[in-house]
There are 2 protein chains.
Amino acid sequence: MNAETYCIAGRLRMLARIITGRYNDAFTHEGVTFAQAGLLMHIFAQPGVRQAELSKRLQIEKSAMSRDVQLLQKKGWLTDNLRSGLFLTEEGRLLAKRCHKIWKVLNHQVHEELDSDAVQGLSIFSAKVISLQKN
Amino acid sequence: MNAETYCIAGRLRMLARIITGRYNDAFTHEGVTFAQAGLLMHIFAQPGVRQAELSKRLQIEKSAMSRDVQLLQKKGWLTDNLRSGLFLTEEGRLLAKRCHKIWKVLNHQVHEELDSDAVQGLSIFSAKVISLQKN
DNA sequence: CAAACAAAGTTGCATATACAACTTCTCTTT
DNA sequence: AAAGAGAAGTTGTATATGCAACTTTGTTTG
């Protein structure tokens, strides 16, 4: 390992921009961003989940989460009362299912393109960051 | 390596949020975000650099870059003509130097906290993504 | 029960980011 | 030099994100 310490934050942010772009492309024809699709899939998998729970799990600030879910609701994918658990509308459920299909194929493709060393590299990094996080 | 393929984009975005928060904290008392500090340091290191060049290097969309540099200018850290290369004002140079001191210490701390396996994991991942990018 | 407190959610404000469309700049070729 | 092409930069519009302050909701306790 060389002594030249590159910027962890800068690198991560750049990678997130690159990969987010790739995922966004895959979802454009459904009219959603990756961030929206991700939330929809989380809510689909756990109907009634609270904002606070998603906020912790995804490490998104609660006010950002509040606005994200308001947007999903405005688009007609979430039922009315956002304060007592999140539930998909029928339209939201259908969309979430289509997103999941897209995601599954795409994520598999990306895993293959990056090869297992790269993916494992990210896993190791991720595990370490998360382990420090929980303190 | 297990068969359960986690979401590369989701993971990266979460990590970027976590680490960005950490870096932002370190820069708050200078009144800059990490993103701003990073740009200042790049421009300090390469006076006269073009937006297009930074845009490619950091993989930030050109319109986003345009607004980022406009903000730096509004804050008094960049000289007038943004279309013919970016130059720091005296105030900008002083700030960039202070940011670099902060960054150096912080980035070193983070490298140590994460240990070399984690950092190397990110390097491997990063190298692979960037190699695919250049096609 | 009522006041106090804590947790959850929202809103004001600011920044970071992308895509599409437009403008400006630069260079080449005639 | 005029025209055209392509690169660079900007602007309109929308989303994603964070911090601080506020409101609402739920729990604890005197």
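Chain letters run A, B, ... following the sequence lines, proteins first and then strands; every chain starts at 1.
Taking only distance into account, the side chain of Ser63(A) meets the base of dC19(D) through a donor-acceptor pair shorter than 3.5 Å. For dG9(D), its base never sits under 3.5 Å from the side chain of Arg50(B) at any donor and acceptor pair. Judged by atom type and distance alone, Arg22(B) does not reach the base of dG18(D) through any side-chain donor-acceptor pair under 3.5 Å.
Going from atom CZ of Arg17(B) over to atom C1' of dA16(C) covers 14 Å, rounded to whole Å. Atom CG of Asp25(B) and atom C1' of dC19(D) are 11 Å apart (whole Å). At whole-Å resolution of the value, CD in Glu61(B) and P in dC19(C) are 6 Å apart. The interatomic distance linking Asn81(A) (CG) with dT24(D) (C1') rounds to 12 Å, in whole Å. Taking atom CD1 of Ile60(A) as the reference point, atom C1' of dA16(C) lies 15 Å away to the nearest angstrom. In this structure, CG of Asn24(B) is placed 14 Å from P of dT17(D), rounded to the nearest angstrom. In this entry the distance linking CD of Gln73(A) with C1' of dG9(C) reads 13 Å, nearest Å. Going from atom CG of Leu72(A) over to atom P of dT15(D) covers 10 Å, rounded to whole Å.
With distances taken from any side-chain atom of Arg83(B) to the nucleotides dG9(C), dT24(C), dA16(C), the minimum falls on dT24(C). Of all nucleotides listed (dA16(D), dT17(C), dT11(D)), dT17(C) comes nearest to the side chain of Arg13(A). With dT17(D), dT10(C), dT10(D) as the candidates, the nucleotide lying closest to the side chain of Leu82(B) is dT10(D).
Every ring-ring contact (aromatic ring centres under 6.0 Å, His included) that His100(A) has, sequence neighbours left out, goes to Trp103(A).
Checking Gly21(A) against Arg67(A), the closest nucleotide of DNA chain C that is more toward the 5' end is the one next to Arg67(A). Nearest-nucleotide assignment on DNA chain C puts the 5′-proximal partner with Ser66(A), out of Ser84(B) and Ser66(A). Closest-nucleotide positions on DNA chain D for Phe34(A) and Ala52(B) were compared, and the one nearer the 5' end corresponds to Ala52(B).
Counting only residues at least two apart or in different chains, salt bridge (charged side-chain N to carboxylate O under 4.0 Å, His left out) contacts with residues 107-124 of chain B comprise Lys128(A)-Asp115(B), Arg22(B)-Glu113(B).
Closest non-hydrogen pair, Asn24(B) versus Phe34(B), comes out as OD1-N, 2.7 Å.
To the nearest 0.5 Å, the span separating CG on Asn107(B) from OG1 on Thr5(A) amounts to 5.0 Å. To the nearest 0.5 Å, the span separating SG on Cys7(A) from NE2 on His111(B) amounts to 7.5 Å.
Between Thr20(A) and the phosphate of dA18(C), there is no side-chain N or O to OP1/OP2 separation shorter than 4.0 Å. Of the side-chain N and O atoms in Lys75(A), one or more sit less than 4.0 angstrom from OP1 or OP2 of dT15(D). Under 4.0 angstrom from either OP1 or OP2 of dT10(C) there lies at least one side-chain N or O belonging to Gln51(A). The phosphate of dT17(C) (OP1 or OP2) has no side-chain N or O of Gln59(B) nearer than 4.0 angstrom. In terms of phosphate contacts, Gln36(B) brings a side-chain nitrogen or oxygen within less than 4.0 Å of OP1 or OP2 of dA16(C).
The backbone N or O of Gly38(B) lies less than 3.5 Å from a partner atom in the side chain of His42(B), making a donor-acceptor pair.
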